[in-house]
K.L.:
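Mind having a look at this structure? Questions to follow.
Every chain is numbered from 1, with letters handed out A, B, ... down the list of sequences.
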Number of protein chains: 2
Amino acid sequence: MQINSIEKLLAQTLAETDLSKKQQAVLNASLSLFAQQGFEHTTSSEIAQQAAVSEGTVFKQFKTKQGILNALLEPFIENVFPRVLNEFTNKITGQQYHNFEHFLCYVVKDRLTFAMENQKQLKIFLQEIIRDETMVKVMYDKWQVLLDEHITPLFITFQKNKQLIDWPISRIMQYIVSILAGYILPRILTNSMATFDIDQSSQAASDFLLRSLTPLKD
Amino acid sequence: MQINSIEKLLAQTLAETDLSKKQQAVLNASLSLFAQQGFEHTTSSEIAQQAAVSEGTVFKQFKTKQGILNALLEPFIENVFPRVLNEFTNKITGQQYHNFEHFLCYVVKDRLTFAMENQKQLKIFLQEIIRDETMVKVMYDKWQVLLDEHITPLFITFQKNKQLIDWPISRIMQYIVSILAGYILPRILTNSMATFDIDQSSQAASDFLLRSLTPLKD
DNA sequence: ATTAAATGAGTAATTACTCACTCACCTTAT
DNA sequence: ATAAGGTGAGTGAGTAATTACTCATTTAAT
């Protein structure tokens with residue numbers, strides 16, 4: 001019955017809002033239980049018990065079980081696609097010293113870290129997105145904006161500079177995301193994210209991706 | 001409210017067992033409903049209605065709702081990891097004319113086809129594996145056997161022949177599976193598997209993978 | 001006629017959520 | 001300082017709705 005290992009997003013949310021101790025306990029307990037057993041298989045009385053709170057308290061703030069879920073997932077959804085990318089883009093387009101390799105290594109490590117720091121939210125997110133069409137649509141739209149407005153202009157300059165293979169941007173990004181997911185998902189499923197060596201993995205992932213995505217020089 | 005598009009595994013199961021028409025309808029309806037709404041969000045009365053059957057009939061054969069789920073997932077689990085690989089391995093090790101490129105193209109196309117032909121089972125499978133530790137363990141063990149007994153010896157010969165980069169086999173396979181999943185999962189989530197161009201996608205996937213996994217010749 | 005399959009009303013259990021009430025703490029009046 | 005009054009987070013027994021599953025009975029098949 002350990003406290004949340006890291007779960008930075010939740011910690012941040014709790015710090016920013018001014019929820020009572022008991023309400024914070026409700027969120028904490030819900031996060032752990034939803035991740036462990038799934039949303040549907042977690043009862044309100046379990047949440048109350050785990051949070052050491054009455055069942056009435058569970059519903060005082062967030063009204064419904066779904067309300068608790070939303071409170072947990074909202075900050076995650078706002079942060080899956082790195083805000084950082086925007087900053088990165090701006091830094092880049094003006095100056096020239098950053099290159100695709102830099103960019104790739106940075107993003108890979110950044111997202112693997114994000115996944116590690118928010119395992120439970122990620123697991124709950126996966127459980128939900130697989131059966132909620134609306135959520136899929138929301139994420140897809142966010143993805144499109146990121147792709148069109150931030151990644152595409154950046155990658156086009158990389159391609160002009162012969163640092164990046166001349167493939168459609170969406171195809172390149174698909175591969176990058178696939179490889180990232182390939183490191184993350186198995187560990188989420190087996191609950192072995194704790195023993196994840198981010199430095200080694202992000203190095204390996206970047207190496208692999210660069211081999212394919214860098215144009216052959218001849 | 002269309003009939004199952006393809007769902008070959010179910011078709012095969014129905015052909016092999018001798019279930020009554022009504023029991024077959026129960027399986028069909030359950031498959032569609034579980035895939036659309038999720039297992040938990042599908043009620044027995046919905047299954048009965050969709051199958052045009054009384055609610056008692058739903059439980060006659062498979063006893064419980066979980067029983068129906070198992071009947072649907074069992075053939076899927078037995079076939080996610082290609083049986084074909086065994087045959088492929090045997091053909092290969094004796095003779096020499098097959099190479100890594102051959103192998104890769106074959107497997108990629110084969111598994112994309114499998115995913116396309118069994119979308120609904122796949123979606124249900126994903127819903128379940130993400131919250132069922134036992135299932136994860138079962139799949140992990142199957143994966144280990146496949147890796148150790150069939151893939152490793154094959155890949156070692158590819159590596160000896162300088163057709164395949166000298167990385168750990170598990171790492172290479174992780175990347176191959178990641179790329180496959182990257183083609184399949186988005187389409188499962190968006191229910192757009194129907195308009196999937198397997199030939200083009202498997203070609204693109206193989207091209208990408210070969211760029212990284214083939215040793216540099218110099 | 002006998003067996004098997006199907007029916008659907010009924011049941012027991014679960015569970016998300018409510019609401020009348022408590023009480024610790026604060027503000028204001030005297 | 002003290003009493004009176006107010007507030008709102010917290011409580012937990014109770015409720016209404018849902019739903020997986022049963023079984024006595026009917027229907028169909030050979």
Side-chain angles (χ1 to χ4, degrees), chain A residues 10 13-74 124 127-128 131-132 134-135, chain B residues 10 13-74 124 127-128 131-132 134-135:
Chain A
L10 179 60
T13 309
L14 296 184
E16 285 171 1
T17 57
D18 55 343
L19 292 169
S20 69
K21 283 287 169 205
K22 300 227 170 187
Q23 291 304 331
Q24 296 189 10
V26 168
L27 283 185
N28 256 305
S30 300
L31 180 69
S32 291
L33 289 169
F34 290 168
Q36 263 175 48
Q37 320 178 347
F39 176 71
E40 294 299 329
H41 288 87
T42 300
T43 67
S44 20
S45 76
E46 281 177 312
I47 297 173
Q49 198 173 351
Q50 171 97 264
V53 135
S54 79
E55 208 170 334
T57 303
V58 171
F59 293 97
K60 231 347 173 336
Q61 180 76 214
F62 301 104
K63 310 307 177 198
T64 64
K65 218 177 74 163
Q66 183 69 44
I68 298 175
L69 181 68
N70 294 341
L72 289 172
L73 285 187
E74 199 247 8
I124 299 170
Q127 284 168 11
E128 292 308 302
R131 51 159 214 76
D132 184 350
T134 319
M135 201 167 176
Chain B
L10 180 59
T13 309
L14 296 184
E16 285 170 2
T17 56
D18 55 342
L19 292 169
S20 70
K21 283 287 169 206
K22 301 227 170 186
Q23 291 304 332
Q24 296 189 11
V26 167
L27 282 185
N28 256 303
S30 300
L31 181 69
S32 291
L33 288 170
F34 291 168
Q36 264 174 48
Q37 321 178 345
F39 177 71
E40 293 299 329
H41 287 87
T42 301
T43 66
S44 22
S45 76
E46 280 176 312
I47 297 173
Q49 199 174 351
Q50 171 96 266
V53 135
S54 79
E55 208 171 333
T57 303
V58 171
F59 294 96
K60 229 357 178 324
Q61 181 75 216
F62 302 103
K63 310 307 176 198
T64 64
K65 218 176 74 165
Q66 184 70 44
I68 298 175
L69 182 67
N70 293 342
L72 290 172
L73 285 187
E74 198 247 8
I124 299 169
Q127 284 168 12
E128 293 307 303
R131 51 159 215 75
D132 184 349
T134 319
M135 200 167 178

K.L.:
Not counting sequence neighbours, which residues clear side chain to side chain donor-acceptor pair (under 3.5 Å) with A:Ser45? List them please.
P.N.:
A:Thr43
K.L.:
Can you sort out the partners of B:Glu40 under side-chain contact (heavy atoms from CB on, under 4.5 Å), two or more places apart, ordered by chain and number?
P.N.:
A:Glu40, A:His41, B:Arg131
K.L.:
Looking at residues at least two apart in the chain, or sitting in another chain, which of them share a side chain to side chain donor-acceptor pair (under 3.5 Å) with A:Gln36?
P.N.:
none
K.L.:
What residue pairs, at least two apart or across chains, pass ring pair (Phe, Tyr, Trp, His ring centres under 6.0 Å) with a residue in residues 54-74 of chain B?
P.N.:
none
K.L.:
Which parts of residues 52-71 of chain B get close to DNA chain C, meaning a heavy atom less than 4.0 angstrom away?
P.N.:
B:Val53, B:Ser54, B:Gly56, B:Thr57, B:Lys60
K.L.:
Once side chain to side chain donor-acceptor pair (under 3.5 Å) is applied, do any residues pair with B:Gln127, and if so which ones, sequence neighbours excluded?
P.N.:
none
K.L.:
Scan A:Thr43 against the nucleic acid and name what it touches under 4.0 Å (heavy atoms): base, sugar-phosphate only, or nothing.
P.N.:
sugar-phosphate
K.L.:
When you measure from the side chain of B:Thr17 to the backbone N and O of B:Thr13, does any donor-acceptor pair fall under 3.5 Å?
P.N.:
yes
K.L.:
Using a 4.0 Å cut-off on protein heavy atoms (strictly under), produce a 5'-to-3' string for nucleotides 25-30 of chain D with B for base contact, S for backbone-only sugar-phosphate contact, and - for none.
P.N.:
------
K.L.:
Could you tell me whether a side-chain N or O of A:Lys65 sits under 3.5 Å from a main-chain N or O of A:Thr42, the two making a donor and an acceptor?
P.N.:
yes
K.L.:
Can you check the A:Asp18 CG to D:dG8 C1' distance for me, whole Å?
P.N.:
14 Å
K.L.:
Tell me, please, the opening and closing nucleotides of DNA chain C, 5' to 3', among those with an atom under 4.0 angstrom from a non-hydrogen atom of chain B.
P.N.:
C:dA6 to C:dG8
K.L.:
With sequence neighbours excluded, tell me which residues meet ring-ring contact (aromatic ring centres under 6.0 Å, His included) with B:Phe39.
P.N.:
B:Phe34
K.L.:
Please classify the nucleic acid contact of A:Ser20 as base, sugar-phosphate, or nothing, using heavy-atom distances under 4.0 Å.
P.N.:
sugar-phosphate
K.L.:
Which residues pass the side chain to side chain donor-acceptor pair (under 3.5 Å) test with A:Ser20, not counting sequence neighbours?
P.N.:
none
K.L.:
Considering residues at least two apart in sequence or located in another chain, which fulfil the side-chain contact (heavy atoms from CB on, under 4.5 Å) criterion with B:Asn70?
P.N.:
B:Gln66
